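Predicted, not measured: the structure shown is a model, and the values here were computed from it. Keep in mind that the numbers below use all heavy atoms, side chains included, and drop hydrogens, waters and symmetry copies.
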Amino acid sequence: MPFWKKDRVHEEIYNNVAEGLRSVYKTKLMPLEETYKFHEFHSPPLDDSDFEAKPMVLLVGQYSVGKTSFIRYVLNEDFPGIRIGPEPTTDSFIAVMHGQNNGTVPGNALVVDPSKPFRCLTKFGNAFLNRFVCSNVKNDVLESITFIDTPGILSGEKQRVDRGYEFSQVLEWFADRCDRILLLFDAHKLDISDELKRCIEVLKRNDDKIRIVLNKADMIDHQELMRVYGALMWSLGKVLNTPEVCRVYVGSFWSKPLHFDSNRRLFELETKDLLDDLESLPKTATLRKLNDLIKRARLAKVHALIISELKENMPSVFGKDSKRKELISKLSIVYEKIQREQNIPLGDFPKLDRMQEILKNMDFTKFKPLDRKQLERVDRMLSEDVPKLMNMIPQEEKTYLEIHDRPISGSTFNDQQATPFEFGGVEGVNAGIGEHEWIVNRQRDEYDKVFQSLQPISGKITGAAAKQEMIKSKLPNNVLGRVWKLSDVDKDGMLDIDEWALSQHLIKLKLDGHELPNTLPDHLVPPSKKDLLSTNGFHGNTNSSSLYPSIKSHVDRGDHE
């Protein structure tokens with residue numbers, strides 16, 4: 001090719017991944033989409049704001065399952081326009097975003113703001129925009145995440161009432177652009193209505209973003225919770241039609257007292273996992289946008305092949321209408337032909353019934369024949385530009401962590417940090433922090449009797465003698481090996497009476513379901529070995545910023561290492 005016609009996009013050096021994504025989309029992918037009317041079939045074109053938008057979390061569920069309460073739980077404060085009640089209270093889509101001044105912005109004004117990623121929502125008309133509002137809140141959590149609260153999905157006779165806009169299509173638009181989809185269920189209301197089933201079906205295209213939340217789980221006791229959990233999994237299995245088991249987070253995401261606190265630890269673990277997942281979104285937002293662009297490019301390529309194949313099969317003069325109807329009815333044959341000739345997985349094709357429905361209103365004579373140069377340009381984007389941008393992501397994530405390596409104040413993400421009520425604050429490996437007495441001494445009599453029965457020599461027992469007793473715990477060798485390394489504080493290959501007591505304490509922690517530390521915290525160092533902290537340079541817990549260090553600083557990263 002002459003030098004003036006060469007595609008120079010891949011030669012550019014991008015300042016960041018978002019800029020690179022925006023550039024390759026507009027120069028390589030968007031022309032293909034416009035040529036084959038991709039935007040009329042699948043998704044509107046992407047704006048600059050879509051590449052720069054903060055991660056979005058979409059909350060979906062029937063009315064009164066706790067969607068709005070969940071947002072309030074995470075923010076630790078009310079937001080403008082909040083309404084919580086047992087009846088269907090939220091009747092609008094509410095984008096909860098960060099703003100310097102608290103207030104609301106109506107939908108029609110919101111979609112013309114070029115700094116917000118909502119301009120394409122104008123296609124749903126005033127019936128939707130009158131039910132769309134932005135709630136601005138000055139909250140630290142919202143500096144990195146945006147929440148989208150949705151109207152409660154109706155059931156029974158109510159679901160037959162027309163909303164005035166295509167609710168499922170609006171959900172699909174948000175699902176394509178959000179980073180997480182939280183599908184909430186009430187422990188007392190597991191029925192999946194027809195409208196909810198339709199909504200789940202449109203969300204399935206983004207099943208990698210979906211997280212299931214069983215809310216209000218403290219309202220039932222342990223036995224009932226087991227039955228409810230099983231019923232939920234059975235119901236979801238019929239709707240999702242996948243052999244894999246969904247990840248379900250069980251908890252009660254509000255600030256009310258627990259009705260049944262027998263599952264308190266379960267709720268704490270589940271809440272921590274879910275909030276950790278949400279907190280990680282800003283770090284992985286760029287990777288998600290890159291992943292979504294790749295999925296969009298693959299769909300656009302398949303769509304171009306389908307449209308060009310339909311164009312090729314149309315007669316030039318007579319019988320256009322009858323041939324058009326025939327092609328629509330036999331679209332599955334077109335799919336099979338393209339799949340066979342192009343060696344494309346069937347999962348990359350758009351849904352057959354939806355494609356047929358849209359094609360009924362299309363003029364096939366305006367379709368374009370296949371332009372292989374445009375397809376090659378997209379292929380080069382996937383083979384050259386995308387790997388280059390992927391190589392930039394680790395450095396961007398590192399830079400993000402350096403800039404944002406601080407707790408988010410005043411939010412559920414960290415409001416328990418540095419208190420006894422944080423996860424693992426005064427239990428497990430952190431039990432005994434700040435106490436004057438060594439916590440191992442609480443069961444010292446039991447440990448000392450076993451130590452004496454092992455016939456110590458010069459006050460110490462060998463590894464062979466300790467092994468025979470330690471394997472009675474039935475813990476695997478890799479765990480017991482970690483226990484030994486942590487307990488042998490002076491590293492002489494033997495255990496004295498204090499070190500033996502420490503080993504038994506660590507074994508008990510593991511048997512009780514707690515994790516082992518990677519390094520021995522200061523408060524677990526035997527009093528007789530405290531001098532080693534200075535003389536031998538031994539150090540235990542180096543996290544001095546908090547009286548109650550997070551369990552993540554000591555957690556055993558895996559028992560199968």
Using a strict cut-off of less than 4.0 Å between a Lys/Arg side-chain nitrogen and an Asp/Glu carboxylate oxygen, indicate whether Lys204 and Glu172 qualify as a salt bridge. no
For Ser280, all residues meeting side-chain contact (heavy atoms from CB on, under 4.5 Å), sequence neighbours excluded: Asp277
Applying side chain to side chain donor-acceptor pair (under 3.5 Å), run through Thr365 and Asp363 and close with a yes or a no. CA-CA 5 Å; Thr365 60; Asp363 184 1; 2.6 Å; yes
Check whether any side-chain N or O of Lys216 sits under 3.5 Å from a backbone N or O of Trp254 as a donor-acceptor pair, and report yes or no. no
For the side chain of Tyr25 and the backbone of Leu46, is there at least one donor-acceptor N/O pair under 3.5 Å apart? yes
For Phe174, is the NZ or CZ atom of Arg177 found under 6.0 angstrom from the centre of its six-membered ring and inside 45 degrees of the ring axis? no
Side chain proximity check, Arg247 to Ile212, heavy atoms < 4.5 angstrom: no
The reported gap from CD1 in Ile145 to CG in Asn139 (rounded to nearest 0.5 angstrom) is 10.5 Å
Dump the intermediate steps for side chain to side chain donor-acceptor pair (under 3.5 Å) on Ser43 and Asp176, then the final yes or no. CA-CA 9 Å; Ser43 180; Asp176 288 340; 4.6 Å; no
With Ala297, which residues qualify under side-chain contact (heavy atoms from CB on, under 4.5 Å), at least two apart? Leu29, Val378, Met381, Leu382
What residues form a ring pair (Phe, Tyr, Trp, His ring centres under 6.0 Å) with Phe128, not counting sequence neighbours? Phe93, Phe124, Phe132, Tyr165
Candidate list His42, Arg296, His303, Gln374, test side chain to side chain donor-acceptor pair (under 3.5 Å), partner Glu33, passing option: Arg296
